[in-house]
Every structure is written in structure tokens, then in C-alpha cells.
Amino acid sequence: MPNQTISFERVLPWTLVAIAIVGLTAGIVARAVGRPDLADLAWAIGTAPVIGGLAVSIVRDLLGGRLGVDAIALLSMSAALALGQPLAGAVVALMYSGGNVLEDIAIARAEHDLRSLVDRAPRQAHRKTGERVEEVSVEVVSVGDELLVRAGEIVPVDGIVHSAGATIDESAVTGEPIPVEKTRGSAVLSGSLNAGETFELIVTAPAGESTYAGIVRMVTAAQTAKAPFVRLADRYALIFLPVTLAIAFLAWQISGDLTRSLAVLVAATPCPLILAAPVAFIAGVAQAARRGILAKGGGALEALARAHTVLFDKTGTLTVGGARLLSVEVAPGENPDEILALGASLEQASHHVLAKTVVAAAVDRGLKLRTPEQVKETMGTGLSGLIDGRHVAAGSRELVRSHAELSPWELRAIRRASWRSALIVFVAVDGRSVGALLLADELRADRPRAIRLLRDAGIARMVMVTGDRAAAAQAIGAALDLDAVLADRVPSDKVEAVRTEQRLHPTIMVGDGINDAPALAVADIGVALGARGASASSEAADVVILTDRLDRVGEAIIIAQRARRIALQSIIIGMGLSMAAMVAATVGWLNPVPAAIVQEVIDVAVILNALRALTPAHGTTSRRISAEQGLALHHEHQALFRDLDRLRKIVDAIDDATPDTAATLIEEAHRLVQGSVVTHEREDEGSVYPKIAEVLRERHGLSAMSRAHREILHLARLLARIAADLPSEKIDRYLIRDAQRVIEAIETLVRMHTAQEEDIYEAVSAQ
């Protein structure tokens, strides 16, 4: 029955507009063939159903505590029929019903069904009874049952690990991007993915009370609680409606003719108010769609325009959403590429989810991998095997060196891993620790620019709310200069964080995972980054960014704000013109039918003004560099980064180098800086920046960038002087330390400067 009701409510506006068109057309034809009686009848028949539908709508609104300007349309159509002016009634009926259809199109939202969440939830579980394993429905699983969760399966219910250990990917539930090693007795949440081998689970909660079911319930409750979109026009009803009735009464008092009052009501038909906002917002929706921003109706766009606060998920939204190789730390005298090649060669035999990351990093660097032999994997610790006759181990430090004390380079590696909230994988050869791989989630390169764009769009408060650890979250929050960071939050905590912000200001929630869906649904406006395929968050969100670009959120807000300004302009223009027409009708210059025609002209003018929201804002069509030019500049930076990586290794190697070795390393750094860094910066200043200046509206930014060029070149000259003095000077530790500081300053400054250039190139590139 509810489905039938929804279907009827959707069909009714189209049915009424069809009746109005048929009635008006039939009446015009009848009048043309000389049958005014049939014409009046056709116009009355075309008007009556619209009156009936509008009356029901107004009663429903009154019961809900709302009174809109639709009451004027009801009065004008009813008065037209009562006073023998059916043509005027038919014209108003067509304008009103047509406006309702247009509004229905403009504010139609994609249904927030939970099909993606339900489809992901497992229907079956593998229950262990004695030595027998049977497949049963998750609904019959009870607390205390023993289940088998196979590799790659979704954990069906909450429970604790009953076997030796398990590798669990909790990103869908908590947002933690790196799989967690669970030991015997550790809790596992339903909705998590088994990223390791088959393990046994003791059930602690039935399916209906488990974590994943709670997420589904929260999304459902949040969606049900959302209020329908209220037309901007209704906000002016309490003023416009009594003013209209007062002017109509005045017209009757002046003339003693109710027809003149009817003309006032027809002229005051609130079609400009009814049409202005939906047309402007649907035009804004179309403009947003061209930029890969899918807004689910004009209501979503209106909410975006009023936003004050933005809450972000971390994993996949602000960061890349998975483990990446950050660096390779090595023992003195070891080659980082060789360490990575050994670790990756061994990881080829592993089923651990991080193994693919290590192997991919080695392949990206063009390293040759060997086939490991006699590989043995220890759950939760690491693996070992033979590579070219050498015994190689990769994993925790306890696996590779369980008894020896930490060496200085190992302490440095652990300290750097701690600073960067990274997971550390040690590599040992024949029992000697030779290197370590640092793996972690990384901040996306384009996020700082996206945050600045949001600030420019008027967002006053930005908060990160994540299920990830506090250390990792704080590091990202500091890098982006966010106003607050809320870490270790489960989905229900995210919902509460959104509600807390909502009590103060209109709030946007931006996320991309299943664990974000409840918060997206409860926020004033939920924005899902849809490129990662997180269909659950896309279902719960009001706006979906079809490309994986956070800066599109800022663009969406700017588009929404402009659409709202145009809608308000159209409403004010419509009210002004309608008031003028009402005055003309009051003094007898407009009869009912001409008043309806004038009102139609006003409608067209208002709609044309509202359609300006289809076009980009003034100044956004400025010249840009081509996508090919932007890609070429990016590739030049990628080549530069490889040289900067080598400078970083030289800085580290100088720590333990002898004076002669240090001199050789300083000479190498000097050659790299002169041949790569200096050449690159001079080419930027001489050829790239002039091209960028032609398309960049705010050129003072380039002046600051040029200052960075001068500082880099100054440091390069200092390094050149040190390198030139090396043969003639006694190579003492102070000279080596000075050279090390200059090399490190160059490497750090060039990285920061290059990241700023990437932001500028991104801003002026055709996308």
C-alpha cells in the first residue's frame, strides 16, 4: 500500500498539468469554432481538478503547521470560476500545475534505499559443531556459537578470535586503513573483512545486535528523520499572502466590482515565487553535474549554500586510504633498493594484504624480484625464506632479531615510524637486521588546496572525525590546519559529532566508506566521494562527488551559493513585478485575463533570470593551461622527487660516514643540486612562470614562489662553496655538519616549494 501511495503522489502533478493543458486547449478550440459555452465548460473542467488537488495540499500543509503562497492560487482559481471568468482560471491552473511539475523535478531526490548495505551483509555463516562445519543462516547464529570465517569473507557477526590469530581489515567499519593483527581473544566487529587466513570466531552478539546491523539502523533512522525541502517562496508567504488579500479587498472597495479583485488575485498568482527557487536550483544542479558533482535535488544544493561547518572522514577522504611505502630505512653501508627488492621478493609468497603494497612499490621502482624458496609465514609476525641462498626474514623486529639490543639506525627507524604513525617491517639477512620498510596512509597531495578552497567558499569550521588512531589523525589535522580532530570514533560517535555541530550551525559531512554512511545520512548535507566505489555512502549522501577530488566540495558550495543568490534575486524580482501588476489591476488597468497574460510574462522573465545559474560564475572561465602542459609539469616534478630522495639518503648516510666518504657524498649532492635542482628552478623562473602568470588571476602568489627560487639558489651556492673548499680544507666534523645542514635545507625547501607549485598548476590546469 505505501508503494501505491508514493506512486500516486508522483503521478498526480503530471496528471493535473495534463488536464490543465487539455482543458485550456479544448476551450481555445471551442471558442475558435464559435462555441463559447463549450469553451467555458472546458476551461472550468481543466481548472476544477487543479483546485481540488491544491485544496488537499493546503489542508495537509496546515495540519503540518505550514502555510504557503499556494493559498493565493487557490483563491484566484476559485474566484475566477465563481465570477464567470473560466479562461483566467484555466490560465492560472496551467501556470500553477506546471510550476508544481517543474518544482517536483527540481527537488526530486534519489531514494536512499539501503540496497548496497544489505547486499554486502553476509546471509550465511559457517557454524562449527564438533568436527562438522555446516552452513547456516546468520539469523540462527547464537551467542557462544563457534564459526569459521574464511579468507576474503565478511565477518557476519560480532565475536572474539578463537584461533591463534587473524588479520582483519576493519576499514569498512572503523576507517582504519591498515589491517589489524588480532590475537586469540581479541574482539572482531561484524562488517570487517578477513584479510588473512581462515580463523575461528566465538559469537558474542547475534546478527541483529551486531555492529553492522547497527550501522544499517542508524542510516535508516537518520534518513527517516530528515525534513522535506521547504520552498524558499514559503518563507515570504506570511507577508505576501495578507498583502495580496488586503490589496484585493481595497480594489473591491474602490470599484465595487469583484472582478477587479479577481484581477488582483490573478496578477498576484505566486508562480514567480513557486518557480524561481526550483529553476535556479535545478540549473545549479546541472552546472554542478558538469563538474562531476551529483546533487540529489535542489534541496541538497540549498543546504550546501547555507553550510557553516564541514566534518571530514580521514581514511580515503583526506588520505589515500591504504598503506603506502613511505621510506626505506637501512643499516650503515646497505643499499635501500636492495633492501626493498629482498623484502618484496619474499612478500611475493605472502597472502597478507600489506604484501601487495611492498611488491608494488618495488615494481614501481623498476627493481628485479627473485623467487623465494622454503617460505614460512608466521601469523601476525612475518615470514622468512631463502633468496639466492641467503636466509631472508621480513616482519616484526621480534621475528628478525629477537635477542639483540636495538642499534642506532633501528632506533632512528622506529622513531621515524612513530613520528609518521607508520607500520614498520624489518628486513634481516642471515640473522642480521639490514633495513626496515615504513608503511602508512598518506595525505593526498591535492587536499591542502581543497581545504583552502573551502575556506574561500565561506566555511568557517573544519573538523576531522575518524576511527583511526589519535597520532595518525593529529598529524593529518595539523598538516591541513583543521580546527579540530576527533579520533578513535566508531560510526555512532561520528553521528553524535555531527549532531553536536548541527546544534550550532548547518553542517556538512564528507566521507567515502560504509562506516561514514550513518553520519552522512544524519548531517544537514552528506557528501560522498564516490570514485572509490563506496556505494553505501553514496546511497546515504545528498551529494556525490563522481571524481575522487575533495576540491569539488568547495566548488559545489560556490555553485550552490550562486544558485541561492539567483533564486533570491528572482523571488524579489517576481514579487516586485507582481506587486506592480496588482497595483495596475487595482486601478482598473488590467482585467483578469490580461492580468494572467502579464503574470505569464513575469513568469518568463523570472525563469530566464533563474536560468543564469546554468552558467559558470563571472570570472571562472578565465584562460587555463592545457591538461597536457599541466601533466608535463607534474612529470618534471616526479623526476625531481627521485633526485630529492637521493639527497635525503645522502643526508642520512653522512651521519655514520668517515671524512673521506662524507666528502664523496657531499660532492655527489653538489652535482645533483646543480644538475637537477638548480636547472629545474631556473627553467621554472624563465619559462614556466611567465606562462602561468598569463592565466593566474592573483599573481602575487608567483612573487612569493620566485622568492623561494632565490632562496634555493642561495643554498645551492653555499653548497657549491663547501664542495669547492673540500680538497683544500681539512675535512673536520664541523664542515661535514655544515654541508649536511645545507643539503637537508635544500631538500626540505624544494619539496615544500614543489608541493606549492603543484597546487598552483592544479588550479590553472584545464580539468
Side-chain angles (χ1 to χ4, degrees), residues 115-216 321-323 346-359 375-383 385 395 423 467 513-515 532-536:
R115 189 163 47 251
S116 57
L117 282 173
V118 175
D119 289 346
R120 187 180 185 276
R123 303 286 193 278
Q124 305 292 322
H126 310 295
R127 185 167 62 186
K128 190 176 180 182
T129 306
E131 297 299 320
R132 187 167 60 91
V133 177
E134 59 179 343
E135 191 171 278
V136 299
S137 171
V138 292
E139 282 77 16
V140 302
V141 172
S142 303
V143 174
D145 285 350
E146 185 176 343
L147 306 181
L148 283 183
V149 183
R150 294 170 180 163
E153 288 187 342
I154 305 295
V155 178
V157 294
D158 291 351
I160 58 174
V161 177
H162 189 54
S163 49
T167 303
I168 305 298
D169 180 356
E170 298 181 329
S171 59
V173 180
T174 67
E176 166 60 54
I178 298 178
V180 180
E181 301 295 340
K182 299 283 188 177
T183 58
R184 186 183 182 92
S186 298
V188 179
L189 303 177
S190 61
S192 302
L193 174 71
N194 180 10
E197 301 297 329
T198 299
F199 70 93
E200 296 176 359
L201 181 81
I202 299 297
V203 178
T204 58
E209 299 175 13
S210 291
T211 301
Y212 199 77
I215 291 176
V216 174
L346 191 59
E347 294 287 2
Q348 291 178 108
S350 175
H351 297 294
H352 197 285
V353 67
L354 294 180
K356 294 180 180 179
T357 299
V358 176
V359 173
V375 177
K376 180 182 178 181
E377 185 165 8
T378 304
M379 180 70 71
T381 304
L383 69 165
L423 177 70
I514 292 174
N515 62 305
R532 290 169 56 85
S535 57

Nearest 0.5 Å, please: how far is [atom2] in [Y] from [atom1] in [X]?
{"X": "Gln124", "Y": "Glu134", "atom1": "CD", "atom2": "CD", "answer": "11.0 Å"}
{"X": "Ile160", "Y": "Thr183", "atom1": "CD1", "atom2": "OG1", "answer": "10.5 Å"}
{"X": "Asp169", "Y": "Ser192", "atom1": "CG", "atom2": "OG", "answer": "7.5 Å"}
{"X": "Thr198", "Y": "Leu148", "atom1": "OG1", "atom2": "CG", "answer": "7.0 Å"}
{"X": "Lys356", "Y": "Glu347", "atom1": "NZ", "atom2": "CD", "answer": "12.5 Å"}
{"X": "Glu146", "Y": "Lys128", "atom1": "CD", "atom2": "NZ", "answer": "5.0 Å"}

Backbone N/O of [Y] and side chain of [X]: donor-acceptor pair under 3.5 Å:
{"X": "Arg127", "Y": "Leu147", "value": "no"}
{"X": "Asn194", "Y": "Glu153", "value": "no"}
{"X": "Thr167", "Y": "Ala195", "value": "no"}

Over all atoms of both residues, closest heavy-atom pair of Leu201 and Val157
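Of all heavy-atom pairs spanning Leu201 and Val157, the closest is CD2-O, 3.8 Å.
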
Heavy atoms only: give me the nearest Ser190-Pro156 pair and the separation to one decimal.
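Between these two residues, the closest heavy atoms are CB-O, 3.7 Å.
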
Sequence neighbours excluded, which residues qualify as side-chain hydrogen bond (donor to acceptor under 3.5 Å, both in side chains) partners of Gln348?
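If we apply the side-chain hydrogen bond (donor to acceptor under 3.5 Å, both in side chains) test to Gln348, skipping adjacent residues, there are no hits.
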
What residues form a side-chain hydrogen bond (donor to acceptor under 3.5 Å, both in side chains) with Glu135, not counting sequence neighbours?
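Scan of Glu135 (side-chain hydrogen bond (donor to acceptor under 3.5 Å, both in side chains), adjacent residues dropped) gives none.
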
Within a strict 4.5 Å, meaning less than it, do heavy atoms of the [X] and [Y] side chains meet?
{"X": "Pro206", "Y": "Val143", "result": "yes"}
{"X": "Ile154", "Y": "Leu193", "result": "yes"}
{"X": "Ser163", "Y": "Val161", "result": "yes"}

